[in-house]
Visitor: 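Before anything else, here's the structure in question.
Computation of the quantities below employed the complete heavy-atom set of this structure, encompassing side-chain atoms and omitting hydrogens, waters and symmetry-equivalent molecules. Whatever order the structure lists them in is the order used to number ligands and atoms, beginning at 1.
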Amino acid sequence: MWRRVVSCCIFNKFGELTWTTAGEDWILLFSGSYDLRCRFHFNPFYSQCLPDSSGGTTGATTTPATTPVTGPTTTASAPAGSQTPDAGNPFLGHDIYLTPFYAAEVNAAAANLTGTTQTKALSVAKIPTFTWFDTVAKVPSLGTYLADASAQGKSSGTPMIVEIIVYDLPDRDCAAAASNGEFSIADNGQANYFNYIDQLVAQIKQFPDVRVIAIIEPDSLANLVTNLSVEKCANAQTTYLACVTYAIQQLNTLGNVYSYLDAGHAGWLGWPANLSPAAQLFTSLYKNAGSPSFVRGLATDVANYNSFSTNSPDPITAGNPNYDELLYINALAPLLQSSGFPAHFIVDQGRSGVQNIRQQWGDWCNVKGAGFGTRPTTSTGVTLVDAIVWAKPGGECDGTSNSSSPRFDFHCALTDADQPAPEAGTWFQEFFVNLVNNANPPL
Ligand code: BGC
């Protein structure tokens with residue numbers, strides 16, 4: 001069941017934000033020397049205090065990042081890697097490895113289908129998709145993939161890329177529930193995470209001939225930009241920063257891993273008021289980590305449903321001039337460039353084939369009517385964008401709709417969420433079949 005949430009912002013006579021909150025109570029609207037403005041919505045995570053129409057400064061989010069969030073200061077320089085990254089797009093000149101795990105999921109799903117749907121479904125197994133290392137137990141399988149990719153590269157003569165998502169922070173998914181992870185900050189989480197990274201590094205080190213493209217910790221830094229009003233996020237802030245710093249530093253030592261930090265999406269950090277705090281956070285973390293040379297840029301729309309570029313904005317985006325990923329990227333990139341962060345991007349379009357299917361822009365869970373989107377490509381038409389990728393393996397669930405599960409999140413029971421849905425990361429057959437049938441372009 002969803003909760004109705006109200007968030008309110010108080011602006012002074014200059015239109016500057018002075019106070020903001022989110023809660024479940026009704027609030028009296030008031031106008032005097034201060035204006036109290038309230039918005040009713042169903043999602044506290046993306047609520048916005050929009051700019052004052054009388055021309056004051058822009059407002060902020062539920063948690064205005066008025067104090068710039070900085071990374072840890074104890075790590076001044078990145079551990080040296082012996083190699084220099086390619087100056088250009090790291091996807092070029094390589095083939096992308098097809099992970100057998102996802103292919104097996106897709107083939108098993110297709111075995112239950114018939115006719116053209118089955119044929120289309122089978123074709124998905126041939127589309128490169130990132131593999132999420134969401135538990136430490138999964139790390140050894142990376143070694144198997146890398147060995148396989150290395151052999152394929154040697155026999156074809158074209159070097160291979162293995163695409164991975166680093167996703168095991170302690171107190172993971174701090175502003176939601178569906179993807180809460182295996183490590184807790186209170187129970188040795190940071191040390192456990194460092195060990196998880198060490199294990200990834202140990203696997204990758206054995207295969208220097210395979211290039212790894214890594215997306216680092218979906219949602220984590222975006223939560224630090226807008227969701228510090230959520231206690232779990234506030235409590236996780238220092239640990240997230242230390243862990244993400246450790247991840248990019250250690251991966252940087254390898255010389256064959258190109259990292260993209262996750263940067264939410266247009267409907268999150270793409271709101272004008274969030275761009276600058278986001279750029280500040282990415283840059284401070286990067287610089288405090290010693291500017292690791294293999295950090296290539298940012299990943300956007302990971303596991304979300306936004307359009308890359310559209311001429312007809314989805315009505316849910318109203319109020320945000322950055323209503324698609326490319327607009328968001330074009331708005332963020334200059335801020336990154338001027339502060340010294342490498343402004344290159346990859347954009348998940350795996351499930352973005354169909355728009356106008358959400359009731360709120362903040363709805364992220366198993367959105368009904370979704371279809372597979374633009375295929376992975378480096379022909380993006382934009383130099384800022386290295387590649388369109390498929391980051392979320394289409395068919396794996398976003399979160400359970402079972403309200404008695406410890407990882408139940410109300411978003412997964414909204415009317416625009418496909419139900420009944422199993423636990424996050426597990427196979428959701430009906431959802432997969434819809435992605436296949438609604439694919440745009442068609443499979
Ligand atoms: C889940 C992970 C899963 C990933 C990819 C996330 O939402 O929490 O367990 O690996 O999606 O499906």
Visitor: Inspect the contact between Lys154 and Asp209 and indicate whether a charged nitrogen and a carboxylate oxygen are less than 4.0 angstrom apart.
Guide: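 Answer for the salt bridge query: yes.
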Visitor: Is it the case that the side chains of Asp416 and Gln359 hold a donor-acceptor pair, with the cut-off being a distance below 3.5 Å and no angle test?
Guide: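 Looking only at side-chain atoms, Asp416 and Gln359 do not form any donor-acceptor pair under 3.5 Å.
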Visitor: Which word best sums up how the rings of Trp427 and Phe432 line up, parallel for under 30°, tilted for 30 to 60°, or perpendicular for over 60°?
Guide: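 The rings of Trp427 and Phe432 sit tilted, inter-plane angle from 30° to 60°.
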Visitor: Assess whether a salt bridge exists between Arg211 and Asp86, defined as any Lys/Arg side-chain N lying under 4.0 Å from an Asp/Glu carboxylate O.
Guide: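 Counted as a salt bridge, because a side-chain N and a carboxylate O are separated by less than 4.0 Å.
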Visitor: Give the residues near ligand 1 by chain and number, with the criterion being a heavy-atom distance under 4.0 Å.
Guide: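 For ligand 1, the residues that come within the 4.0 Å heavy-atom cutoff are Trp132, Asp134, Tyr167, Ser179, Lys392, Pro393, Glu396, Ala424, Gly425.
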Visitor: Which residue pairs pass the ring pair (Phe, Tyr, Trp, His ring centres under 6.0 Å) test when at least one of the two sits in residues 100-143, sequence neighbours left out?
Guide: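 Of all non-adjacent pairs touching residues 100-143, those that pass ring pair (Phe, Tyr, Trp, His ring centres under 6.0 Å) are Trp132-Tyr167.
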Visitor: Just verifying a value: how many Å separate Asn223 CG and Asp173 CG, rounded to the nearest 0.5 Å?
Guide: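 Here the interatomic distance stands at 7.0 Å.
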